[in-house]
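Working notes, structure below.
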Amino acid sequence: MQNDKLGNWKRTHRCGEPTAVLIGQEICVMGWVQRRRDHGGLIFIDLRDREGIVQLALDPDRDVTSHRKAEQVRTEYVIAARGRVSARPQGTVNPRMKTGEVEIEVTELRILNRSETPPFMIDEYTEVAENIRLKYRYLDLRRPALQRNLMMRHLVARTVRTYLDGQGFIEVETPVLTKSTPEGARDYLVPSRVNVGNFYALPQSPQLFKQLLMVSGFDRYFQIVKCFRDEDLRADRQPEFTQIDCEMSFVNRDDVIATMEGLIAAIFKEAIGLEVQLPMERLTYAEALRRFGVDNPDLRFALELVDLTALVADSQFKVFAEVAAAGGLVKAINVKGGADFSRKDLDGFTDFVKIYGAKGLAWVKVTEEGWQSPIAKFFTAAELIRLNQELSSEVGDLLLFVADTAGITNEALGRLRGHLGQRLGLASKDDYRFVWVTDFPLLEWDAEAKRHVAVHHPFTSPLEEDIPLLDSDPGKARAQAYDLVLNGSEVGGGSVRIHDPSVQSRLFELLGIGEEEAQLKFGFLLDALSYGAPPHGGIAFGLDRLMMILTAADSIRDVIAFPKTQKATCMLSDAPNAVDEKQLQELGIRLRKKQE
RNA sequence: GGGGCUGUAGUAGAGUCGGUUACAACGCCGGCCUGUCACGCCGGAGGUCGCGGGUUCAAGUCCCGUCAGCCCCGCCA
């Protein structure tokens with residue numbers, strides 16, 4: 001059957017638009033058939049586009065041709081309709097629809113294209129398995145949830161451009177085909193045909209280029225830019241993701257933070273109408289770890305970690321005493337009113353902390369009769385009093401202890417804290433708690449590689465007062481680095497950079513990057529820094545993670561139009577795929593047999 | 001590299017202790033219906049129980065392997 005031609009028809013309104021103010025007007029709408037309700041005589045069609053749904057009414061008494069055509073119409077057909085907007089008869093108004101007061105009395109209908117029956121319904125009710133959704137992504141994207149998310153993403157991108165433009169930032173594009181550098185994530189490599197045997201790398205971030213732009217005098221730069229990291233995926237991690245990347249000259253940490261708080265406030269105002277209180281809270285890295293165990297704490301609830309190491313160091317409970325003697329940490333959280341958790345729940349919490357390397361979880365139920373706990377018998381009455389004091393414990397509370405190395409205790413108990421906050425409903429999705437985490441360590445020791453690695457990146461400036469530590473005790477040096485954390489999620493991070501080539505060389509040295517290698521890999525940066533580099537610093541926000549929070553999405557895939565699966569494949573296009581031998585030959589590449 | 005969850009008509013599910021022809025819903029197809037709106041009523045079609053192997057008289061169900069999707073650890077300057 002032949003489709004109708006569009007001809008010279010012009011769409012006058014989107015489907016979500018017609019309301020009572022248009023009553024009496026002749027309009028033309030185009031879209032997809034959400035549903036057809038055929039009453040034998042009268043036919044109703046719900047017509048959908050990205051702005052909403054409007055009801056078409058086809059009456060054989062008004063126009064036989066269009067009514068007959070409407071009988072052939074099926075779900076997801078693309079049609080165009082002309083007619084008069086009219087008030088619905090009394091008692092037939094649909095208050096749940098924006099357009100529910102009116103309908104279009106169709107006088108002419110055109111079927112612009114037919115559609116196969118879709119594999120799933122294009123509505124907000126039907127739940128569909130992720131693999132089916134991804135295979136038919138173009139259909140999933142028709143559904144209201146993803147339409148909403150991507151339209152909000154556009155709104156956010158627009159707000160970013162408007163705000164930063166207003167602050168004197170200039171949008172500059174940087175190369176996608178760039179140079180592989182040591183440090184950091186695995187690079188995606190792109191072979192060069194013109195230079196057989198050599199490879200480009202896709203950028204993990206435009207870090208070096210934006211610093212060069214500061215040397216070039218652009219003063220304030222930004223870019224909404226794709227970044228690539230060849231690492232394993234998570235619910236909030238994709239191999240290609242988008243950063244709001246910014247860099248500023250002649251600024252210190254507080255200047256960057258103040259400017260960026262304005263950006264975040266503008267985004268939240270525009271996207272969800274939220275007034276963000278400024279200035280935002282701040283925590284040092286050390287305090288975040290001490291109180292919450294992690295560097296990305298969710299501040300929507302308390303449940304803080306209490307350090308009991310000194311208190312239990314001399315106790316009869318060997319597990320605690322030995323950890324204390326070995327320089328580890330014994331910490332606990334008090335789950336208020338948690339004493340009614342079942343044994344099964346407690347076993348579940350124990351399994352949970354084991355994921356993060358803890359050997360176990362000690363629990364105490366505080367009852368009228370005192371501690372109900374496998375470890376109660378190890379403590380003297382005096383110790384129990386002090387423990388209860390430190391933990392502010394009351395009858396009905398549940399105390400949970402982890403004893404291990406500092407790293408494991410903090411991580412395990414901190415993650416358990418987050419888990420419990422979610423489970424106990426302490427973390428409301430309507431609550432937005434921003435916090436800047438500052439004063440990160442500059443370096444951390446990589447036991448496997450037996451060298452220091454940069455916590456942030458190798459271009460991060462130490463705190464000025466900590467520069468002497470680079471020679472005496474580099475592991476203690478703190479960085480002028482900062483993360484923005486929102487509800488337990490790291491949404492952005494940045495630093496003031498090194499603008500002095502001698503300090504930069506010293507850093508490479510500490511990272512075990514020899515002078516020759518530094519010249520080879522980063523020579524262009526060192527050269528640039530030697531030609532009058534201004535003091536500069538910047539930040540990058542993860543746009544995808546911001547969008548997850550703004551849309552309350554559980555998965556990063558719900559804020560990206562065409563995301564990849566956990567195995568980094570695209571179910572729609574079937575990428576990545578094998579290529580012709582001829583293509584490989586041109587690139588000088590031969591594939592090795594898989595090692596068994 | 002490792003741990004876990006899931007896989008049954010187009011979709012999302014039920015399927016008991018291994019036992020007759022694998023259920024009902026939504027969708028789809030046909031018919032009826034002039035005020036419905038996740039319309040209604042009647043009828044119908046639709047299945048490689050992810051795939052392979054094994055145990056058994058008999059496997060959707062039990063065992064082994066494998067594939068895919070998802071969640072997590074490692075990894076992610």
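All values below come from the heavy atoms of this structure, side chains included, with hydrogens, waters and symmetry mates left out.
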Between the side chains of A:K564 and A:E240, is the shortest nitrogen-to-carboxylate-oxygen separation below 4.0 Å, so that they form an ion pair? yes
Would you please determine if the base of B:rG35 is stacked by A:F44, with stacking meaning a centroid separation under 5.5 angstrom and planes under 30 degrees? no
May I ask you to say what A:R96 touches in the nucleic acid, namely base, sugar-phosphate or nothing, with a heavy-atom cut-off under 4.0 Å? sugar-phosphate
Answer with base, sugar-phosphate or nothing: what part of the nucleic acid does A:R35 contact at a heavy-atom distance below 4.0 Å? sugar-phosphate
Inter-nucleotide P distance (B:rC17, B:rU56), Å rounded: 23 Å
I want to check one thing: is the phosphate of B:rC70, taken as OP1 and OP2, less than 4.0 Å away from some side-chain N or O of A:R237? no
Classify the nucleic acid contact of A:T181 as base, sugar-phosphate or nothing, counting any heavy atom under 4.0 Å across all strands shown. nothing
Integer angstrom distance from the P of B:rA25 to that of B:rA58: 35 Å
Please measure how far the P atom in B:rA45 lies from the corresponding atom in B:rC63, and state the result in whole Å. 36 Å
With rounding to the closest Å, how many angstrom separate the C1' atoms on B:rU8 and B:rA59? 14 Å
Using a strict cut-off of less than 4.0 Å between a Lys/Arg side-chain nitrogen and an Asp/Glu carboxylate oxygen, indicate whether A:K476 and A:D466 qualify as a salt bridge. no
Phosphate contact (B:rG30 OP1 or OP2) by A:R74 side-chain N/O below 4.0 Å: yes
Salt bridge between A:E509 and A:R506, side-chain N to carboxylate O under 4.0 Å? yes
B:rU36 base stacked by A:H39? Criteria: ring centres under 5.5 Å, plane angle under 30°. no
Both distances under 3.5 Å, Watson-Crick or G-U wobble: report the partner of B:rU34, or none. none
Please write out each protein N/O paired with an N/O of nucleotides 41-45 of chain B under 3.5 Å, distance rounded to 0.1 Å.
none

Would you jot down, in residue-number order, the residues of residues 564-577 of chain A having a non-hydrogen atom under 4.0 Å from RNA chain B? A:T565, A:Q566, A:K567, A:T569, A:M571
Could you give the distance separating B:rC72 and B:rU16 at their P atoms, to the nearest angstrom? 32 Å
Side-chain N or O of A:Y356 closer than 4.0 Å to phosphate OP1/OP2 of B:rC73: yes
Reading RNA chain B from 5' onward, which residue's closest nucleotide shows up sooner: A:N94 or A:G41? A:G41
Can you tell me how far P in B:rG60 sits from the matching atom in B:rG53, rounded to whole Å? 14 Å
Checking all strands, does A:F459 fall into the base, sugar-phosphate, or nothing category for heavy-atom contacts under 4.0 angstrom? nothing
Indicate whether OP1 or OP2 belonging to B:rU36 is found under 4.0 Å from a side-chain N or O atom of A:R37. no
Regarding A:D123, tell me which of base, sugar-phosphate or nothing describes its non-hydrogen contacts under 4.0 Å with the strands shown. nothing
So what does A:D61 touch, heavy atoms closer than 4.0 Å: a base, only the sugar-phosphate, or nothing? base
Generate the contact string for nucleotides 2-14 of chain B. Rules: B means base contact, S means sugar-phosphate contact only, - means no protein heavy atom under 4.0 Å. --------SSS--
Are any of A:R234's side-chain N or O atoms less than 4.0 Å away from OP1 or OP2 of B:rC73? yes
